[in-house]
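See structure below.
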Amino acid sequence: MPELGPRYEHKEIEEDIYRKWEESGYFNPDKLPRSKAKAKPFSIVMPPPNANGSLHMGHAVFATLQDIMTRYWRMKGKQALWLPGADHAGFETQTVFDKKLDKEGRNRFAMEREALWQEIWDFTQTNKKVMEGQLRKLGASCDWSREIFTLDPRIIEGVYSTFEKMYKDGLVYRDYRVVNWCPKHRTALSDLEVKYIERVDPLYYIKYGPLTLATVRPETKFGDTALAVNPKDKRYKKYIGQEIEAEGILGKLKFRVVGDAAIDPKFGTGVVKVTPAHDTTDFEIWKRHEKEIPGPKIIIDESGRLTGEVGEFKGLKVAEARIKVAEKMQEIGILEKVDAEYKHQVATCYRCNSTLEPMPKPQWFVKMEPLAKEAIKAVEAKKIKFYPDNSKKVCLHWLRNIHDWNISRQIIWGIRIPAWFCNPKNEVKRMGFYYKIVPQVLKGKARTYRLNDHHLKVGDVIACEDSQAKTFFGHAKITAVAKKKIKDIVLPDPIHGGGYKTLDELLTAFRRHYPPDRVITGDTETLIYDFQFIPFSKENPSGGCNYIYVGNKAVAKCPNCNGNNLVQDPDVFDTWFSSGQWPYLTLLAQGKNIKHGTRNNKQELGTSKDFENFYPTDVMETGYDILFFWVTRMIMLGLYRTGKVPFKNVYLHGMVRDKDRQKMSKSKGNVVDPLGVAEEYGTDAVRMAITVGNTAGNDIVISEDKIRGYRNFATKLWNIARFVMMQKEKIEGAGVTAPKMNAHDKKAVEQAHKVRLSIGKKIDNFQFHLGAEEAYHYIWHTFADKIIESAKPKLMSEKRTEQESAYLMLLGILEESLMMLHPFMPFVTEHIYQQLPGSAKYSEMLMIKKW
RNA sequence: GCGCGCUUAGCUCAGUUGGUUAGAGCGUCUCGUUUACACCGAGAAGGUCAGGGGUUCGAAUCCCUUAGCGCGCACCA
């Protein structure tokens with residue numbers, strides 16, 4: 001056999017084989033010979049790799065496992081579809097690109113949105129190309145004709161229609177609340193993107209008048225608006241409802257003390273400062289006591305520096321300010337003590353490890369509970385099977401304790417949120433009204449008292465803003481301006497609304513609306529503006545009514561007030577909001593029969609040939625690390641949009657580790673590059689190393705030694721084939737016409753067949769490792785070591801029939817072996833298969849042979 | 001705190017609903033070149049399946065418990 005050398009030279013053949021497979025067209029289920037004959041569908045939608053780098057071992061794991069299933073079911077005669085894609089990976093790509101810009105001395109915050117978008121677009125398209133090549137190298141038999149990118153217009157259209165429907169159904173809402181803010185990347189993150197790390201920080205005990213409280217964040221004290229204690233705490237009961245005076249860095253402070261059950265009396269001193277702008281819990285405390293205490297006072301800006309009324313600390317970064325503020329407190333004698341060894345969890349950005357700054361922002365949220373409820377029902381009803389089984393429990397636990405999901409990101413790389421705000425033009429002056437006042441204005445309140453000078457004169461038209469919700473509700477035309485001491489206001493004042501009967505009541509109200517450290521007495525001067533209120537309406541459109549328009553494309557005029565002030569939300573969606581819809585959107589995008597619902601009702605999903613045929617998909621195979629990010633959200637959104645679960649089975653693979661169980665990372669230098677080792681040892685060897693010993697939900701250990709072991713196996717198989725081919729030449733050389741197998745040899749072939757069926761059973765049950773091992777063991781230690789060895793004397797026998805029978809047996813078992821191994825090691829098996837008698841064309845093994 | 005796991009050969013891990021002498025890769029030792037293969041063959045050493053208790057005719061496997069390790073979620077300023 002001159003063409004079969006003693007070693008399998010993968011380098012010479014892999015590329016060629018893949019090209020021929022691809023040219024055959026059989027990766028596309030529509031082109032399979034059996035597809036006309038009502039073959040049952042089998043479908044996997046590929047987790048789209050992030051188009052911001054090249055493939056790593058984790059990708060090789062999913063590529064291998066999904067390819068095993070696809071090839072197996074295709075061989076079994078199903079209409080097998082493996083649908084590939086690529087993910088724009090919003091925030092992750094943005095951070096990768098930010099780093100690149102940083103190296104080049106550039107910065108995205110100084111760039112035009114369109115120019116930056118174009119650069120990132122080009123960057124992802126380049127990466128996408130590279131990854132496609134790499135998936136081919138790994139032997140992935142996916143249908144490239146259906147490949148789709150997450151920013152494809154067909155996908156975006158679907159994402160928009162989902163958002164629109166959810167908005168109308170009340171499942172997405174805009175809210176002003178404290179979000180997880182990364183000061184480095186200047187965007188909000190979802191709760192899942194927060195990584196808590198344990199840190200030791202000083203715990204400062206600060207005197208606030210008669211009380212002492214403990215905090216790790218003295219620098220936020222400028223944003224304090226109250227103090228809180230547990231209502232059951234006997235020590236402090238008498239202070240609840242009281243205003244206490246305290247010495248502050250910037251002068252005297254006055255805070256009200258509220259009782260709130262969220263306070264743990266056992267922690268610190270049992271007294272907490274309430275900083276609603278920069279702490280989630282405090283924001284909630286304020287919400288519960290908003291009648292009694294002032295709301296958020298922002299003193300940290302978006303880049304994590306102090307801002308506002310913070311005196312000499314203005315412009316300092318939080319970490320610096322903390323030390324300086326503590327020093328200052330020490331100086332003026334309000335720092336009681338410091339516990340330097342305080343251990344606590346700090347919220348950080350999972351991408352850059354920056355400490356997150358909680359910050360109030362208006363954002364879009366998804367109301368999760370109704371969606372989770374349906375998902376729980378479906379999972380409990382076993383509409384989805386989980387591998388490993390216990391991940392179902394993990395999934396249910398998460399779904400049962402779900403929180404609303406912030407889907408707004410303040411980056412440019414992503415799908416822009418299709419919401420338009422009817423905003424007042426910037427040149428229009430605005431005046432804020434506390435949200436409780438708004439209905440009074442609408443009902444006829446026509447006077448407002450202001451301590452700060454707004455420089456308004458009679459005849460000015462201003463926009464009226466709900467200062468909590470940051471929404472506008474109308475115009476006010478100023479009709480009179482006066483300046484008076486508060487005590488000189490005649491009470492009750494019917495034009496103001498008539499709510500205050502005594503000076504004390506009025507002063508309390510003033511204090512509530514201004515920072516606590518502002519001293520307000522009867523002698524304080526106030527500006528008094530009389531105005532004529534004009535609500536926004538279609539007849540009266542000027543200015544912007546803050547109506548929110550949600551739709552799949554821009555409209556020229558505000559549907560509410562007819563104004564021309566619509567401005568699109570600059571934010572983009574969390575990537576997972578779009579990838580959470582991946583299974584149905586990718587299938588809907590395929591084929592010519594695509595319908596996206598009726599023209600009048602964009603909310604309807606429509607259908608397509610692929611959607612009808614392949615949805616729900618058979619398997620979702622991905623890593624356990626994105627169970628919550630992706631899998632649960634696909635289930636929820638899939639049920640919401642299609643009424644069906646998006647997949648019948650979930651298989652979760654583990655994380656790849658090196659031989660010392662260390663997580664692979666560039667910084668550790670222990671990364672095994674799948675393409676590099678595939679080049680050196682052959683793709684088949686890498687695939688086997690990935691498959692054997694890899695069980696659902698458990699981490700996978702991959703070392704070069706292991707890969708080398710399976711490279712040896714490929715050579716072994718190669719030599720088995722070489723040996724059998726040698727017999728072929730001998731038999732054929734002797735001019736045999738119709739050789740026959742004896743009963744004994746037939747039995748051996750049947751045995752091999754049974755092994756193949758047993759391996760199939762294991763693939764059916766998602767036990768790929770067992771299947772791979774069984775094939776390995778049978779071929780090496782049964783076929784080669786025992787069957788071939790015992791056949792040797794027969795092959796040398798003088799009896800022709802015995803010789804021929806032994807040859808036929810070996811040929812039969814070889815064929816079985818190639819088939820059982822093909823899903824795992826497609827290249828070497830295909831290559832050998834082509835040498836067998838009767839094999840003419842490529843792709844026979846791949847497509848036509850039944851399992 | 002709540003939840004989910006793990007502990008099997010020197011190392012890294014398999015072991016499906018409980019069923020003969022517990023397996024694989026790599027490593028170690030001995031021998032071996034014969035119709036393919038030294039990226040090989042024949043053979044060997046190496047495990048009280050974390051400890052204890054229970055159920056059972058029978059337990060690595062099911063139940064309880066102890067110890068050690070890991071992961072996820074939520075948190076106290």
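Chain identifiers are assigned alphabetically (A, B, ...) following the order of the sequence lines, protein sequences preceding nucleic acid strands; residue numbering begins at 1 within each chain. Please read all numbers here as calculations on a predicted model, not as lab measurements.
With both pairing distances under 3.5 Å, B:G10 is matched to B:C26 as a Watson-Crick or G-U wobble pair. Across every strand in view, B:C4 sits in a pair with B:G70 that passes the Watson-Crick or G-U test at under 3.5 angstrom.
OP1 or OP2 of B:A24 has not a single side-chain nitrogen or oxygen of A:His769 nearer than 4.0 Å. Contact between the side-chain N/O atoms of A:Asn712 and the OP1/OP2 oxygens of B:C40 is found at a separation under 4.0 Å. Listed pair A:Arg708 / B:C39 fails the phosphate criterion, with no side-chain N or O lying under 4.0 Å from OP1 or OP2. Considering only side-chain N and O atoms, A:Thr715 lies nowhere under 4.0 angstrom from the phosphate OP1 or OP2 of B:C37. The phosphate of B:A24 (OP1 or OP2) has no side-chain N or O of A:Lys706 nearer than 4.0 angstrom.
Sequence order on RNA chain B of the closest nucleotides to A:Lys195 and A:Lys762 puts A:Lys762 first from the 5' end.
Per the geometry, OH belonging to A:Tyr624 stands 14 Å off P belonging to B:G5, to the nearest Å. Note: CZ (A:Phe783) to C1' (B:C37) measures 13 Å, nearest angstrom. If you take CD of A:Glu774 and P of B:U16, they are 14 Å apart, rounded to a whole angstrom. A:Lys792 places its NZ atom 15 Å from the P atom of B:C40, with the value rounded to the nearest Å. Between the OH atom of A:Tyr387 and the C1' atom of B:U17 there is a distance of 13 Å, rounded to whole Å.
Nucleotides B:G41 and B:A60 are separated by 32 Å at their P atoms, to the nearest Å. Atom C1' of B:U7 sits at a distance of 10 Å from the matching atom of B:C49, rounded to the whole Å. If you take atom C1' in B:U16 and the same atom in B:U55, they sit 22 Å apart, rounded to whole Å. Atom P of B:G46 sits at a distance of 10 Å from the matching atom of B:G10, rounded to the whole Å. Annotation: B:U28 and B:A67 have their P atoms spaced 40 Å apart (nearest Å). With P as the reference atom, B:G47 and B:A22 are 12 Å apart, rounded to whole Å. Across the C1' atoms, B:C76 and B:G68 are found 29 Å apart, a figure rounded to whole Å.
Taking the six-membered ring where the residue is Trp, A:Trp718 and A:His831 present parallel rings, their angle staying beneath 30° rather than reaching 60°. Between A:Phe766 and A:Phe768, the two ring planes are perpendicular [angle over 60°; tilted spans 30° to 60°].
Counting only heavy atoms from C-beta on, A:Phe628 has its side chain closest to B:G72 among B:A36, B:G72, B:A42. Distance from the side chain of A:His397 is smallest for B:C2 among the nucleotides B:A14, B:C2, B:G41.
There is a side-chain donor-acceptor pair under 3.5 Å between A:Asp201 and A:His344. The closest side-chain donor-acceptor pair between A:His653 and A:Asn694, if any, does not fall under 3.5 angstrom.
Remark: of the listed residues A:Thr782, A:Ile779, A:Ile832, A:Ile779 is the sole one forming a side-chain contact (heavy atoms from CB on, under 4.5 Å) with A:Ser817.
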